[in-house]
J.: 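The structure's right below; bear with me while I get my questions together.
Along the sequence shown, the residues carry numbers beginning at 1. Every value quoted in this text rests on a predicted model; they were computed, and no experiment measured them.
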Amino acid sequence: MPKLRRSGGSTLLLFIFSLSTLNVSTTTTTGTNLHFKEAPQFYNSPSCSSINYSVNVAMTLDIAYLRGSMAAILSVLQHSSCPENIVFHFVAESTHLNLTITKSFPYLHFTIYPIQDVAAVAGLISTSIRSALDCPLNYARNYLADLLPQHLQKVVYLDSDLVLVDDIAELAATPLTGDSVLAAPEYCNANFTTYFTPTFWSNPSLSLTFANRNRRPCYFNTGVMVIDLERWRAGDYTTKIVEWMELQKRMRIYELGSLPPFLLVFAGNIAPVDHSWNQHGLGGDNFHGLCRDLHPGPVSLLHWSGKGKPWARLDANRPCPLDGLWSPYDLLQTPYTIES
């Protein structure tokens, strides 16, 4: 029977059914106290020899969500047929997490791009229904076209509270039809009016934003998007989003963080992506974080959007049933070592 030894010296004997899926509840840690295990190295399959392009993935690195980011990275690599062709582009407030990423993923192709003016971004943010949504890095997706290298034509943007269970190359290959700048799963049965305040809907000039007959606005979640950076730059969409944020500071037209400006600018002109690529809402609602089930249909990506995060619920010994699907990707180094 394996023996677990706590670093403080006391010894615990536990029955372990599978060491590869060992999960030990630990006290939640924050800040630079987080220590992560080294992930396995993943290699390209033989079919990748004929592929001469990279899949570019953009994410943010934030101390508060770093544990989720590490799990997301691992899931992308583990389920890719050509993991050596994946290039990560991380947006952060500084480059100090460079060593953390390198230690866990020594062979990862990545660059960290610091937000140049955090104070300016913070100055555009209005308080929302959850303080976690008011972090400047939550708005980094607004500035990807400016932050990332100009030669990049397309990128897959991923939030930090998700894991993939399918090959990201399939998502990256989504065609952006017509003049679409973004591709994402849409949900046209959502009550679109709830995303904006009565002030917005009672103002004729604002409510006409969605009155165009050629534009059928539907909800989409900005945590999973394929972005055409060339079209974004050509259309100066960062400026369009910032203009809505500036108006929000003056007259409060929405309540929910960084999503509404994207809906205002892009809803109704989104290239379709199968719903399997964003099984979102697994974190529950934005007030209580209650447990939720999967949407009907296949699953390629699990997304714990909402208040409840799987790592926090697992640490608190109050997991939701689906949180167990996230835990195999958790690289957090526990305070236990295994003896044979």
J.: I'd like to know if the side chain of Asn221 pairs up with that of His280 as donor and acceptor (distance under 3.5 Å, no hydrogens or angles considered).
T.: no

J.: Just jot down the ring-ring contact (aromatic ring centres under 6.0 Å, His included) partners of Phe88, sequence neighbours excluded, or say none.
T.: Phe90

J.: Looking at Phe220, is its backbone amide N or carbonyl O close enough to the side chain of Glu186 to form a donor-acceptor pair, meaning the two atoms are under 3.5 Å apart?
T.: no

J.: Has Ser75 got a side-chain atom pairing as donor or acceptor with Leu164's backbone, closer than 3.5 angstrom?
T.: yes

J.: Answer yes if the ring centres of Phe266 and Trp232 are under 6.0 angstrom apart, and no otherwise.
T.: yes

J.: Output every pair passing salt bridge (Lys or Arg N to Asp or Glu O under 4.0 Å) with a member in residues 151-164, not counting sequence neighbours, ordered by first then second residue.
T.: Arg141-Asp159, Asp161-Lys309

J.: Taking side chain as C-beta onward, heavy atoms only, is Ser104 less than 4.5 Å from Glu38?
T.: no

J.: Check the side chains of Asn56 and Ser54 for a donor-acceptor pair under 3.5 angstrom, ignoring hydrogens and angles.
T.: no

J.: Output all residues satisfying side chain to side chain donor-acceptor pair (under 3.5 Å) with Ser69, sequence neighbours left out; order by chain, then residue number.
T.: Ser160

J.: Run the side-chain donor-acceptor check on residues 107-115: report pairs under 3.5 Å with partners two or more places apart or on a different chain.
T.:
unit_1: His109; atom_1: NE2; unit_2: Glu84; atom_2: O; d: 3.4
unit_1: Tyr113; atom_1: OH; unit_2: His89; atom_2: ND1; d: 2.8

J.: Using the side chain to side chain contact (heavy atoms under 4.5 Å, CB included) criterion, which residues pair with Pro310? Sequence neighbours excluded.
T.: Trp304, Asp323, Trp326

J.: Within this structure, what is the CG-CG distance for the pair Asp146 and Leu229, rounded to the nearest 0.5 Å?
T.: 10.0 Å

J.: For Gly324, is there any backbone N or O sitting under 3.5 Å from a side-chain donor or acceptor partner on Ser327?
T.: yes

J.: Within the structure provided, determine whether Val165 and Leu301 are in side-chain contact (heavy-atom separation under 4.5 Å).
T.: no

J.: Using 0.5 Å steps for rounding, measure from the OH atom of Tyr53 to the SG atom of Cys82.
T.: 7.0 Å

J.: Who pairs with Asn142 by side chain to side chain donor-acceptor pair (under 3.5 Å), at least two apart in sequence or on another chain?
T.: none

J.: Going by the salt bridge (Lys or Arg N to Asp or Glu O under 4.0 Å) test, which pairs reach into residues 162-175, not counting sequence neighbours?
T.: none

J.: Heavy atoms, side chains only, cut-off 4.5 Å: are Leu158 and Val76 in contact?
T.: yes

J.: Check whether the ring centres of Tyr254 and Tyr195 lie less than 6.0 Å apart, and answer yes or no.
T.: no

J.: So, using salt bridge (Lys or Arg N to Asp or Glu O under 4.0 Å) as the criterion, who are the partners of Asp62 when residues are at least two apart?
T.: none

J.: With sequence neighbours excluded, what pairs up with Arg292 under the salt bridge (Lys or Arg N to Asp or Glu O under 4.0 Å) test?
T.: none

J.: State whether the side chain of Ser45 and the backbone N or O of Ser81 hold a donor-acceptor pair below 3.5 Å, judged by distance alone.
T.: yes

J.: Would you call the rings of Tyr219 and Tyr187 parallel, tilted or perpendicular if under 30° counts as parallel and over 60° as perpendicular?
T.: tilted

J.: May I ask you to check whether Phe105 and Phe36 place their ring centres under 6.0 Å from each other?
T.: no

J.: Could you check whether any side-chain heavy atom of Leu182 comes within less than 4.5 Å of a side-chain heavy atom of Val226, counting everything from C-beta outward?
T.: no

J.: May I ask you to check whether over 12 heavy atoms, not counting those of Arg233, lie within 6.0 Å of atom CZ?
T.: yes

J.: Just by modelled atom types, is the His295 backbone N or O under 3.5 Å from a matching donor or acceptor in the Gln279 side chain?
T.: yes

J.: Can you confirm whether Leu294 sits close enough to Leu282 that some side-chain heavy atom of one is under 4.5 Å from a side-chain heavy atom of the other?
T.: yes

J.: Looking at residues at least two apart in the chain, or sitting in another chain, which of them share a side chain to side chain donor-acceptor pair (under 3.5 Å) with Ser202?
T.: none

J.: So, are Asp330 and Arg67 salt-bridged, with charged N and O less than 4.0 Å apart?
T.: yes

J.: Under the side chain to side chain contact (heavy atoms under 4.5 Å, CB included) test, which residues partner Pro40, sequence neighbours left out?
T.: Phe42, Leu74

J.: Are the side chains of Ile227 and Tyr237 in contact, using a 4.5 Å heavy-atom criterion?
T.: no

J.: Quick one: are Met70 and Ile101 in side-chain contact, heavy atoms under 4.5 Å?
T.: yes

J.: Under a 4.5 Å cut-off applied to non-hydrogen side-chain atoms, are Asn85 and Ile51 in contact?
T.: yes

J.: Do Asp236 and Thr239 have side-chain atoms, one donor and one acceptor, less than 3.5 Å apart?
T.: yes

J.: Going by side chain to side chain donor-acceptor pair (under 3.5 Å), name the residues that satisfy it together with Ser94, two or more places apart in sequence or in a different chain.
T.: His96

